[in-house]
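Read the numbers this way: they start at 1 and go in the same order the structure lists the ligands and their atoms. On a predicted model such as this, the values are computed, not experimentally measured, just so you know.
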Amino acid sequence: MTDEREPDDLESVEVLEVAAPPRDLVEAVTAALSRRVSVPCRIRSVPEAFQIPHIPGRNQADADRLLSAVEALGPPVGHVLVALTAEDIGHPIFTHFFGRARHHGSAAVVSVARLDPTFYGLPEDRNRTVLRTVLEIVHEMGHLAGIGHCDDWSCIMRFASTVDAIDNRGQRFCPACAAALPPGFAPSHAPCPPDPEP
Ligand SMILES: [Zn+2]
Ligand SMILES: [Zn+2]
């Protein structure tokens, strides 16, 4: 599914709370995201009537149907919606996703559930959860900008199916992927103080 947006017209990113993680985490993620993109990032509440589609028989939201439902909220041209949820997201065939987005789409879905070290029985590590979440959002925004997966381990567009892979791939776009980014996505090359190196 594509629309007619030009790739260079990004004006803002709206972080949509959908069965959201705690508010302070959402705020920390949004603040950190603001330092990685060159457009304003805001928190937005989901409409009251919004329903999260679930996979029958599983305690998981259906990632693709959720993405379609978020897209149906119709972000105006130039505005990207990133639905941030505490719910685990999956697909009837695949076990889980960290995030979902369509190339040149207007919305992305990112789940914090499996980005949180406590999911794996590890001690809480708020900084790591925030960093992983921001990196996953930036990765999905790369797809929204029309960029596919990249083989370069130093690149944030490298596919990751585990949190270890997220921690081990680069945190920035490689030169080739960066060259394909529209201006609004232009990542800051300034250090991001609250982001610990993995
Ligand atoms: Zn991807
Ligand atoms: Zn790349």
Using 0.5 Å steps for rounding, measure from the CG atom of Leu33 to the CE atom of Met141.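 These two atoms lie 6.0 Å from each other.
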Angle at the Zn ion (ligand 2) (to 10°), with one arm to SG of Cys155 and the other to SG of Cys150: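 Angle SG(Cys150)-the Zn ion (ligand 2)-SG(Cys155): 110°, rounded to 10°.
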Please note down the angle at the Zn ion (ligand 2) between SG of Cys174 and SG of Cys177, to the nearest 10°.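 Cys177 SG and Cys174 SG form an angle of 110° at the Zn ion (ligand 2).
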Check Asp64 with Arg100, please: is the shortest side-chain N to carboxylate O separation under 4.0 Å?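 Looking at Asp64 together with Arg100, the answer is yes, because their closest N to O distance falls below 4.0 Å.
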Three-point angle His143:NE2, the Zn ion (ligand 1), His149:NE2, rounded to the nearest 10°: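 Between NE2 of His143 and NE2 of His149, at the Zn ion (ligand 1), the angle is about 100°.
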Would you say His54 and Glu87 are linked by a side-chain donor-acceptor pair, where the criterion is simply a distance under 3.5 Å?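 There is such a pair (donor and acceptor under 3.5 Å, judged by atom type) between the side chains of Glu87 and His54.
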Count the heavy atoms belonging to other residues, nucleotides or ligands that lie under 6.0 Å from CG of Asp24, then report whether that count exceeds 12.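 Yes - once you tally the heavy atoms of other residues, nucleotides and ligands closer than 6.0 Å, there are more than 12.
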